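Worksheet: one structure, shown below.
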Amino acid sequence: MIIKVALRCVEPKLYTLIIGFYLVLLTFIYNIRLNYVMQTHLCNIFKHLIQYRMHKKATPSLLDWYHTHGRHELPWRNTEDPYHIYLSEVMLQQTQVKTVLERFYFPFLQRFPSLKTLGDAALDDVLKMWEGLGYYTRAKNLHKTATLVERLPSDIDALIALPGIGKNTAHAIAAFAFGQPVPVMEANVRRILCRIFALQTPAPKDLWDKAYDLLDTQNPFEHNQAMMDIGSGICLPKNPKCTLCPFASICTGKQTPQRYPLKQKKTVPIREEFIMVYRYNDRLSLTQRKGKFLHGLWGFESVDVPLCAAEYLGEVTHAYTHFKLVCKVYVYDELDKEQTHYFNLSEIRKLAISKVDEKILKLL
DNA sequence: AACGCGTGGCC
DNA sequence: TGGCCAAGCGT
């Protein structure tokens with residue numbers, strides 16, 4: 001352990017080795033009166049130094065790899081603004097780069113160019129910009145955070161204290177916006193670590209320990225970005241391109257990459273719902289969702305039993321991550337007093353609605 | 001600790 | 001095509 005720490009602090013130059021060899025030789029040849037423990041200790045230090053040099057030589061540095069192969073054009077890599085970096089991190093939670101880059105990042109920033117404009121906006125307007133991106137509590141927490149702080153803190157614990165910022169996002173902001181020597185721990189990094197160290201079902205703490213161990217503390221930005229680029233472009237879930245990987249020489253799991261990490265499959269339940277829509281003078285009844293599911297979005301009402309007199313329009317299905325939804329849609333051409341909100345088509349387009357309700361709308 | 005939480009890319 | 005998966009977080 002002491003040796004590993006020493007190796008992190010001191011970049012072993014060639015002259016260190018030469019002097020080291022010279023000392024060891026002196027120790028043996030002239031039988032200098034060092035005790036046995038000291039001799040072994042010295043020998044071990046130099047053995048590790050040699051191994052470290054060979055390792056560095058065998059694996060081209062991540063820094064070099066990043067300069068040559070990294071995705072330098074990603075907009076959140078070319079800004080110093082912590083708000084921009086923070087926004088990208090939240091949008092990218094469980095969401096592919098392509099989606100965020102092509103459809104959401106720029107329009108959102110155009111509409112809310114600063115933390116202050118975001119905090120001053122109405123939540124419904126924020127949700128409208130988030131429409132189609134999914135996981136809507138992200139938008140709610142983003143807005144909430146914008147009302148809480150004028151600028152983002154750089155301290156990891158202070159970041160985690162903000163709603164919507166967990167351990168990974170806090171580390172990402174610390175590393176990317178404030179240059180702190182900390183690793184990130186998301187899907188790509190996790191998979192790389194599992195493959196390198198042949199881990200099937202690692203505990204989170206083990207992964208963080210490995211990540212800290214592997215981190216290039218001199219270049220945290222490049223190191224973390226490189227890890228994510230390798231994870232998304234080389235160390236793929238299926239058919240990883242190990243021949244292109246800078247970690248190939250030290251990777252212990254590359255023979256059977258599909259085993260690391262081990263994935264458990266879950267069966268998704270099917271949920272059936274009756275959707276009851278009231279239609280009156282080309283206006284439709286909608287309600288704003290209150291719970292955690294599709295939070296804040298507008299949609300058609302789900303009922304236990306549809307009205308007998310209502311007309312059955314057909315089925316709409318939608319696959320979520322944890323269940324499959326089958327909606328049987330009914331419409332009734334009367335005004336129901338209990339429905340407080342009626343909208344025509346152009347008004348509905350201004351509301352934030354989900355994919356299911358979009359499908360139901362199409363059916364109507 | 002194990003779930004609930006959306007949508008779309010990719011094969 | 002259906003199934004897997006994605007820059008995770010809150011509870």
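Note that the structure is a prediction, hence the values are computed from the model and not measured. Proteins get letters first, then strands, A, B, ... in listed order; numbering begins at 1 in each.
- By the 6.0 Å and 45° rule, A/K328 does not stack over the aromatic ring of A/Y312.
- Through chains of ILVMFWY side-chain contacts below 4.5 Å, A/I270 is grouped with A/V326.
- For the pair A/K167 and A/W208, the cation-pi test (distance below 6.0 Å, angle within 45°) is passed.
- Among the protein residues, A/K238 comes within range of no part of the nucleic acid, since none of its heavy atoms lies under 4.0 Å from any strand.
- Going from atom NZ of A/K167 over to atom P of C/dC9 covers 11 Å, rounded to whole Å.
- Two rings, from A/W65 and A/H223, have their centers 6.0 Å or more apart.
- Seen from the ring of A/Y342, A/R283 does not count as a face-on cation partner, given the 6.0 Å and 45° thresholds.
- Between C/dA6 and A/R191, a contact under 4.0 Å exists linking OP1 or OP2 to a side-chain N or O.
- Aromatic pair A/F176/A/F221: centroids less than 6.0 angstrom apart.
- Using a 4.0 Å heavy-atom distance criterion, A/A172 is classed as making no nucleic acid contact.
- As a whole-Å value, the separation of A/L92 CG from C/dA7 P is 8 Å.
- Rounded to whole Å, atom C1' of C/dA7 lies 14 Å from atom CD1 of A/I165.
- In this entry the distance linking NZ of A/K98 with C1' of C/dC5 reads 16 Å, nearest Å.
- Straight-line distance from the NZ atom of A/K324 to the C1' atom of C/dG3: 12 Å, rounded to whole Å.
- Using a 4.0 Å heavy-atom cutoff across all strands shown, A/W76 reaches at least one base atom of the nucleic acid.
- Toward the 5' end of DNA chain C, the nearer of the two residues A/F176 and A/K265, judged by each one's closest nucleotide, is A/K265.
- Going from the C1' atom of B/dT7 to that of C/dT11 covers 23 Å, rounded to whole Å.
- C/dC5 and B/dC5: their C1' atoms are spaced 15 Å apart (whole Å).
- In this structure, A/H171 atom NE2 and C/dG8 atom C1' are separated by 14 Å, rounded to whole Å.
- Only the P atoms considered, C/dT1 is 15 Å distant from B/dG8, to the nearest whole Å.
- Comparing the C1' positions of B/dA1 and C/dC9 gives an interatomic distance of 15 Å, to the nearest angstrom.
- Summarising the geometry, the separation between NE2 on A/H84 and C1' on C/dA7 is reported as 18 Å, rounded to the nearest angstrom.
- If you walk DNA chain B from 5' to 3' and mark each nucleotide with an atom closer than 4.0 Å to a heavy atom of chain A, the marks span B/dG4 to B/dC10.
- Proximity of A/F247 to A/M227: side-chain heavy atoms (C-beta onward) are separated by under 4.5 Å at one or more points.
- If you check every strand for non-hydrogen atoms under 4.0 Å, A/Y135 touches a base.
- Between A/N188 and C/dA7 there is a side-chain N or O to OP1 or OP2 distance below 4.0 Å.
- One can place CD of A/Q94 at 13 Å from P of C/dG10, the figure rounded to the nearest angstrom.
- Distance from the side chain of A/R77 is smallest to C/dA7 among C/dA7, C/dG8, C/dT11.
- Checking A/T169 against A/Q93 by side-chain atom types alone, a donor-acceptor pair falls below 3.5 Å.
- Residue-to-nucleotide proximity on DNA chain C shows that, of A/A170 and A/Q96, the 5′-proximal contact is made by A/Q96.
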